[in-house]
Protein chains: 2
Amino acid sequence: MAEQQRRRPGETREKLMNAALALVGKGRHFASLGIREITRQAGVVPTSFYRHFRSVDDLGLQLVDELGLVLRRMMREARANVLQADKLIEESVGIFVAHAQANRSFFLFMAQGLAGESRAVQEGIRSEMRFFASELANDLRRLRLADHLSDADLDLTCDLVVRTVAFSLTDLLSVSEDDDYQVGQVRKRTTRFLQMVFVGAAHWNSSSA
Amino acid sequence: MAEQQRRRPGETREKLMNAALALVGKGRHFASLGIREITRQAGVVPTSFYRHFRSVDDLGLQLVDELGLVLRRMMREARANVLQADKLIEESVGIFVAHAQANRSFFLFMAQGLAGESRAVQEGIRSEMRFFASELANDLRRLRLADHLSDADLDLTCDLVVRTVAFSLTDLLSVSEDDDYQVGQVRKRTTRFLQMVFVGAAHWNSSSA
DNA sequence: CACATAGGTGAACACTTGTACACATCACGA
DNA sequence: TCGTGATGTGTACAAGTGTTCACCTATGTG
């Protein structure tokens, strides 16, 4: 009936995922989204949803996959841009904040998913964080910045770093997107948190023996 | 019509709050709860809800208040039970884990609320965490355990501690309630996180000047 | 005792929800 | 060329939703 223009494959699928993200970005919680709501936002008929996803949770899982890509992009940029070791933390936090701002909805979704209602989404996000932490550990090892730490202690440190940053996400996402002052505050605070963690790591074995 | 037994005042109100908590404890996300669902679980007619709360978010706000009481009880117990300073961290984490297990639904609600959909609930929980951190700072000051730190740096430390513990909540709540091994793992890991933070705090000024 | 008030109840409303079914349209391989 | 499968659409329905209304009953204060 309504004219059906030729569609690039996967287009509606993208539209649906973006619609879910958009709603999350608008302040809704992912766990409270419904199929009809998402399709309405996407400008698509409800039935189409089932062509691509079995349920809202399923869509969530696929969002986690995309989130993985976003995180990898961020990591790549961080690796390319960290020039001097002494500004390493500051610059990394800066890159993180910039990405979080540029992909606000995505990171909002991530923060929500950590205590979300779908066990699978939760585990997916957790697993992305583990991956991130292990990559960080590799980098630190390669740069020989933590030679005095055992592998286990280095992992511990990186896990703590990732957690701290992840928690900062909730700070960052709860201030207005363009309140530069507040955003700066979060950045400074996060930087100091990480500095403290690294000071702890630097003195770890000598103090905990 | 249906016989109306004499009710202790506020009874239904409690029933409603407990019902919401029970649903959260069962794996539901607070943001996805509806009025009818809550009243059904409470064994009460939907209309009764409005006698006590204006909306689900309102109920959430009142839950945050109760959460405050739970946290205070926990703090009191921790203060009473910490015997030797050298086991301070270990014992505190133990008490925290015990309380989190005993009030699983409450802490689940807290973890969800941090990235929740109601701005007010979010701010309430955040504020409880700030209070907790400032009390912790007072204690450390009183015990003269952080004399070398400025007030601002002490606050920073305590904030980081509270965040770290709060994040552990998501670990703790995602493992089965009675999987003692996993729970023990979370406890050990959290303890080491905090030890690392405190090592960092101990060497803070000397390393960051 | 009378009465105001708080709290509990059932029926009804206008919507929204998830899901199923039948059908239309396109791209593409046999 | 003709299927055939993937993707889109419209309609339908039963069930669940938030909220309002009028009404009932227990309780405590004047």
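If you're wondering where the values come from, they're calculated on a predicted model, not measured in any experiment.
D/dG16 atom P lies 17 Å from atom CD1 of B/Ile38, rounded to whole Å. Look at CZ on A/Phe49: it is 15 Å from P on D/dT9, rounded to the nearest Å. As a whole-Å value, the separation of B/Leu16 CG from C/dT9 P is 11 Å. Rounded to whole Å, the distance from NZ on A/Lys15 to C1' on D/dT9 is 13 Å. The CZ atom of A/Phe53 sits 15 Å away from the C1' atom of D/dA6 (whole-angstrom rounding).
Considering only residues two or more places apart in sequence or on other chains, A/Ala102 meets the side-chain contact (heavy atoms from CB on, under 4.5 Å) condition with none of them. With sequence neighbours left out, B/Arg126 forms a salt bridge (Lys or Arg N to Asp or Glu O under 4.0 Å) with A/Asp171.
In this structure, the side chains of B/Gln112 and B/Phe107 stay at 4.5 Å or more apart for every pair of heavy atoms. In this structure, A/Val56 and A/Ile38 have side chains that are in contact, with non-hydrogen atoms separated by less than 4.5 Å.
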statement: Scoring nucleotides 18-23 of chain D by protein non-hydrogen atoms under 4.0 Å (B base, S sugar-phosphate only, - none) yields BBBB--
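A donor-acceptor pair is defined here as one N or O able to donate and one able to accept, closer than 3.5 Å; no such pair exists between the side chain of B/Ser48 and the backbone of B/Val44. Using modelled atom types, no side-chain atom of B/Gln41 and backbone atom of B/Ala19 make a donor-acceptor pair closer than 3.5 Å.
The side chain of A/Arg40 contributes an N or O atom lying less than 4.0 Å from OP1 or OP2 of C/dT17.
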